[in-house]
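Owing to the predicted nature of the structure, the values given are computational and were not obtained by experimental measurement. Reminder, nothing fancy here: chain letters follow the sequence lines and each chain counts from 1.
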Number of protein chains: 2
Amino acid sequence: MRAGEKPEISQLPLFREMGDSDRERIFAGSFLQVFPPQLTLFELGQHADFLHVLVDGLVELYASSAGRDTTMRIVEPVSSFILAAVVTDMPYLMSARTLVASRILLVPARLVREMIRQDVSLMEATMRELALGYRDLVRALTDMKLRQSAERLGNLILQQELRQGGTGKVRLRAEKRLLASLLGMTPENLSRAFGVLGQHGVEVDGAQLKITDRAALEAFARPDPVKPDEH
Amino acid sequence: MRAGEKPEISQLPLFREMGDSDRERIFAGSFLQVFPPQLTLFELGQHADFLHVLVDGLVELYASSAGRDTTMRIVEPVSSFILAAVVTDMPYLMSARTLVASRILLVPARLVREMIRQDVSLMEATMRELALGYRDLVRALTDMKLRQSAERLGNLILQQELRQGGTGKVRLRAEKRLLASLLGMTPENLSRAFGVLGQHGVEVDGAQLKITDRAALEAFARPDPVKPDEH
DNA sequence: AGGGCTGATTGATGTTTATCAATCACTGCC
DNA sequence: GGCAGTGATTGATAAACATCAATCAGCCCT
């Protein structure tokens with residue numbers, strides 16, 4: 001592991017509060033691997049052998065069933081993923097692939113479970129991480145059930161704008177086809193949804209968006225009264 | 001609290017492994033309340049003051065946004081709900097109402113958090129409960145994103161049949177309008193979905209269903225390769 | 001037994017979304 | 001610069017789903 005990244009991983013909410021020596025044991029038992037773009041890291045149904053921590057790059061979690069597939073989450077560095085499968089020692093419910101070249105810390109699932117039992121702070125952080133993830137999914141599910149596609153896009157834009165500093169400008173990091181899949185629609189419909197939002201306070205120029213009329217956008221997208229949790 | 005129900009609550013995965021005296025402290029600080037049917041227990045956006053344990057009756061968790069609303073989960077006894085909001089000390093993301101007269105144990109959220117910090121077994125059980133809940137939601141979200149309505153119904157029938165003993169017969173406990181909302185469709189479309197399944201191995205007689213051709217039903221509904229977790 | 005309620009079903013129609021096909025815009029490459 | 005390749009967009013059509021309206025079946029009344 002390089003000098004620069006250990007502190008960054010150590011600052012993750014998941015590992016931040018635990019004992020230093022326990023954290024060292026986790027690092028010592030893990031592998032930092034480099035993966036090329038478009039590589040499948042694991043597939044749905046496999047047994048969960050590693051907790052993954054994306055150190056650098058970009059990863060897509062997706063699920064497939066009945067031929068179709070859909071992206072469940074876009075993982076940005078630095079963050080861990082598929083904690084729930086590791087904790088429960090059960091098969092993955094999602095597949096993962098790199099979108100770009102990525103460096104990933106692989107922590108053996110057995111080691112994670114062992115250290116959780118040993119270090120209460122780690123257990124508490126795990127519990128909290130799972131609770132926050134649970135709430136994210138509740139939001140995602142209600143979004144999918146209650147809003148139609150252009151409204152979902154509007155809400156995503158509002159959230160991104162907040163996360164990107166509240167300047168009224170939003171830059172889309174992911175390809176639009178990926179964004180479409182995340183929002184549960186086709187790329188064609190995403191295009192049209194952007195068109196719709198053009199009449200509700202959003203200006204689109206490629207991957208660069210501008211909110212020109214927040215009130216109009218909010219009236220259209222009706223964001224949740226409860227704002228997304230801070231992780 | 002009556003004599004008969006304490007053991008039942010104590011057998012909940014959440015409380016089963018913890019220390020007896022800690023469990024007693026939780027019970028001592030909680031209230032067992034009786035609620036009439038159709039009563040709203042709490043609403044989305046409120047601060048989470050209590051962990052709820054449904055002892056007897058039936059409760060609906062639902063979310064609403066933009067005028068519309070949708071049921072997120074039907075809670076059957078004996079089980080706890082709304083654990084994630086309690087753990088994170090954040091506002092509810094769902095509302096809850098009784099469907100029938102219900103008895104519910106209300107455990108003050110502060111007390112839950114305090115006892116979690118004190119009793120590692122309780123923390124571990126909480127962690128596990130959240131991880132399993134997380135996985136349930138992943139399944140629900142992929143189901144919603146990847147399958148169309150009749151397929152979702154088919155899968156629900158297959159799951160229910162398993163849970164009800166694998167005899168090929170399924171009895172629907174909830175009203176169909178509620179089932180429709182849980183599946184993210186209108187009651188009208190649920191009716192039509194039953195009609196569709198009639199040609200794929202399902203026989204419908206009111207709330208009593210029979211799977212007459214499991215292979216056909218599975219071919220149509222394409223159940224997940226990973227079976228629902230045991231809780 | 002008759003009337004009124006509630007939930008389920010059925011049919012007709014409209015909206016939303018997906019699919020199919022074509023074109024456009026951009027990038028990298030030789 | 002020209003040209004393939006990829007992703008985004010646009011238009012036409014079809015499928016899935018919602019909505020609206022009407023009817024039906026069961027149930028509780030008194």
Side-chain angles (χ1 to χ4, degrees), chain A residues 37-38 58 60 64-71 74 99-100 143-155 157 171-200 202-209 220-222, chain B residues 37-38 58 60 64-71 74 99-100 143-155 157 171-200 202-209 220-222:
Chain A
Q38 298 299 332
L58 207 57
E60 176 192 9
S64 35
S65 191
R68 294 154 279 193
D69 79 353
T70 190
T71 117
I74 296 170
L99 293 172
V100 303
D143 195 46
M144 192 61 48
K145 287 179 82 175
L146 291 176
R147 281 192 261 259
Q148 44 197 48
S149 55
E151 298 171 329
R152 293 201 295 276
L153 175 60
N155 272 99
I157 292 172
R171 157 143 249 111
L172 299 177
R173 293 150 193 289
E175 286 181 355
K176 289 190 179 172
R177 48 166 58 222
L178 191 65
L179 186 59
S181 176
L182 185 66
L183 289 169
M185 56 179 137
T186 58
E188 293 96 323
N189 264 322
L190 178 63
S191 251
R192 291 184 254 264
F194 274 118
V196 171
L197 292 187
Q199 312 191 310
H200 298 277
V202 178
E203 214 167 74
V204 184
D205 175 25
Q208 183 64 52
L209 312 181
F220 177 79
R222 311 225 220 162
Chain B
Q38 298 300 331
L58 208 57
E60 176 191 8
S64 36
S65 191
R68 294 153 278 194
D69 80 353
T70 190
T71 118
I74 296 170
L99 293 171
V100 302
D143 195 46
M144 191 61 48
K145 288 179 81 176
L146 292 175
R147 283 192 260 259
Q148 44 199 49
S149 55
E151 297 171 329
R152 292 200 296 275
L153 175 60
N155 272 101
I157 292 172
R171 156 143 249 112
L172 299 176
R173 292 150 194 288
E175 287 181 354
K176 287 190 181 172
R177 47 167 56 220
L178 190 66
L179 187 58
S181 176
L182 185 66
L183 288 169
M185 56 178 137
T186 58
E188 293 95 324
N189 262 321
L190 179 63
S191 253
R192 291 184 252 263
F194 274 119
V196 170
L197 292 187
Q199 314 192 309
H200 297 276
V202 178
E203 214 167 74
V204 185
D205 175 25
Q208 183 63 52
L209 312 180
F220 178 80
R222 312 223 221 163

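- Taking only side-chain nitrogens and oxygens, A:Asn189 never comes nearer than 4.0 Å to OP1 or OP2 of C:dT17.
- Per the geometry, CG belonging to B:Leu183 stands 13 Å off P belonging to C:dA8, to the nearest Å.
- To the nearest angstrom, C1' of C:dT17 lies 15 Å from NZ of B:Lys145.
- For B:Ser191 and C:dA8, the shortest distance from a side-chain N or O to OP1 or OP2 is not below 4.0 Å.
- One atom, CZ of B:Arg68, and another, P of C:dT15, lie 15 Å apart when rounded to the nearest Å.
- Under the 4.5 Å side-chain criterion, counting only non-hydrogen atoms from C-beta, B:Arg192 is not in contact with B:Met185.
- Across its full length, the helix from C:dA1-D:dT30 to C:dC30-D:dG1 shows an angle of 30° between the axes of its 5 terminal pairs at either end, rounded to 10 degrees.
- Contact annotation: the side chain of A:Leu178 approaches that of A:Leu99 to within less than 4.5 Å [non-hydrogen atoms, C-beta and beyond].
- Remark: side-chain polar atoms of B:Gln199 are not paired, donor with acceptor, to backbone N or O of B:Val196 under 3.5 angstrom.
- In terms of modelled atom types and a separation under 3.5 Å, the side chain of A:Lys145 and the main chain of B:Leu183 share no donor-acceptor contact.
- With DNA chain C read from its 5' end, the first of the two nearest nucleotides for B:Glu188 and A:Met185 is the one closest to B:Glu188.
- Among the protein residues, A:Ser149 comes within range of the sugar-phosphate backbone only, with heavy atoms under 4.0 Å from sugar or phosphate atoms but none that close to a base.
- Between the P atom of C:dC24 and the NZ atom of A:Lys176 lies a distance of 18 Å, rounded to the nearest Å.
- Rounded to whole Å, atom P of C:dA8 lies 10 Å from atom CG of B:Leu172.
- Side chains of A:Arg173 and A:Leu58 form no contact here, defined as non-hydrogen atoms less than 4.5 Å apart.
- Proximity note for A:Arg192 (side chain, C-beta onward) versus C:dG7, C:dT19, C:dA12: the nearest is C:dT19.
- Taking 4.0 Å as the cutoff to heavy atoms of chain B, we find the contact window on DNA chain D bounded by D:dA16 to D:dC20.
- Between A:Arg177 atom CZ and C:dA18 atom C1' the separation is 16 Å, expressed in whole Å.
- Remark: the backbone N or O of A:Thr70 is not paired with any side-chain donor or acceptor of A:Ser181 at under 3.5 angstrom.
- Within the 4.5 Å cutoff, no side-chain heavy atoms of A:Leu153 are placed close to those of A:Val202.
- With hydrogens and angles disregarded, no donor-acceptor distance shorter than 3.5 Å links the side chain of B:Arg147 to the backbone of A:Ser65.
- In this structure B:Glu203 satisfies the side-chain hydrogen bond (donor to acceptor under 3.5 Å, both in side chains) test with no other residue, sequence neighbours excluded.
- The distance from atom CD of A:Glu151 to atom P of C:dT15 is 16 Å, rounded to the nearest whole Å.
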